[in-house]
Amino acid sequence: MKKLVLTVAILVGSISVFAISNSNLTDQVINVIEVDEFKEIALEDLPEAVVLAVSKDFASSTISQAFVNSSSQYKLLVDINGEVKTIYADADGNWLEESDIVVE
């Protein structure tokens, strides 16, 4: 009789687990919009200070593409030992973090 009561209790307990609703679900949708205000420019149009900063700090690299935004901040795609990296600089050749970029 003890086994029958225990078996019934286990069955009832396992069935009731499936009846519990999950109220942790949310219906929120998060949209992330990336704004890239940079326009491509010719490498010859880069300021001399930016070219000098790249040659000084990344001696074995080459600039493959250059972009500029309305705040005269430059986005450079630089080939460093076969790996293309994105770096940012201002018109004076000072390095910028991606968080320092001004989007207008």
With hydrophobic residues grouped by side-chain heavy-atom distances under 4.5 Å, do [X] and [Y] end up in a single group?
X	Y	value
V54	I101	no
I80	L96	no
F67	L46	no
V84	V78	no
F58	L52	no

Determine the minimum heavy-atom distance between [X] and [Y], stating which atoms define it.
X	Y	answer
G93	A53	O-CB, 3.4 Å
A91	A49	O-CB, 3.7 Å
N69	F38	N-CD2, 3.6 Å

Give, for atom [atom1] of [X] and atom [atom2] of [Y], the distance between the pair rounded to the nearest 0.5 Å.
X	Y	atom1	atom2	answer
I63	L76	CD1	CG	5.0 Å
N81	S60	CG	OG	4.5 Å
L77	S64	CG	OG	5.0 Å
Q65	T86	CD	OG1	9.5 Å
W95	D57	CH2	CG	6.0 Å
E37	S71	CD	OG	9.5 Å

Does K75 make a cation-pi contact with Y88 (under 6.0 Å, within 45 degrees of the axis)?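 Geometry flag: not set, cation outside 6.0 Å or 45°.
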Within-4.5 Å side-chain heavy-atom neighbours: I41 and Y74: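 Sidechains of Y74 and I41: in contact.
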Does N94 offer a backbone N or O that forms a donor-acceptor pair with the side chain of D92 under 3.5 Å?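 No; judged by distance alone, with no hydrogens or angles, the pair does not exist.
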Crowded around E97 CD? As in, over 12 foreign heavy atoms under 6.0 Å?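 No - once you tally the heavy atoms of other residues, nucleotides and ligands closer than 6.0 Å, there are 12 at most.
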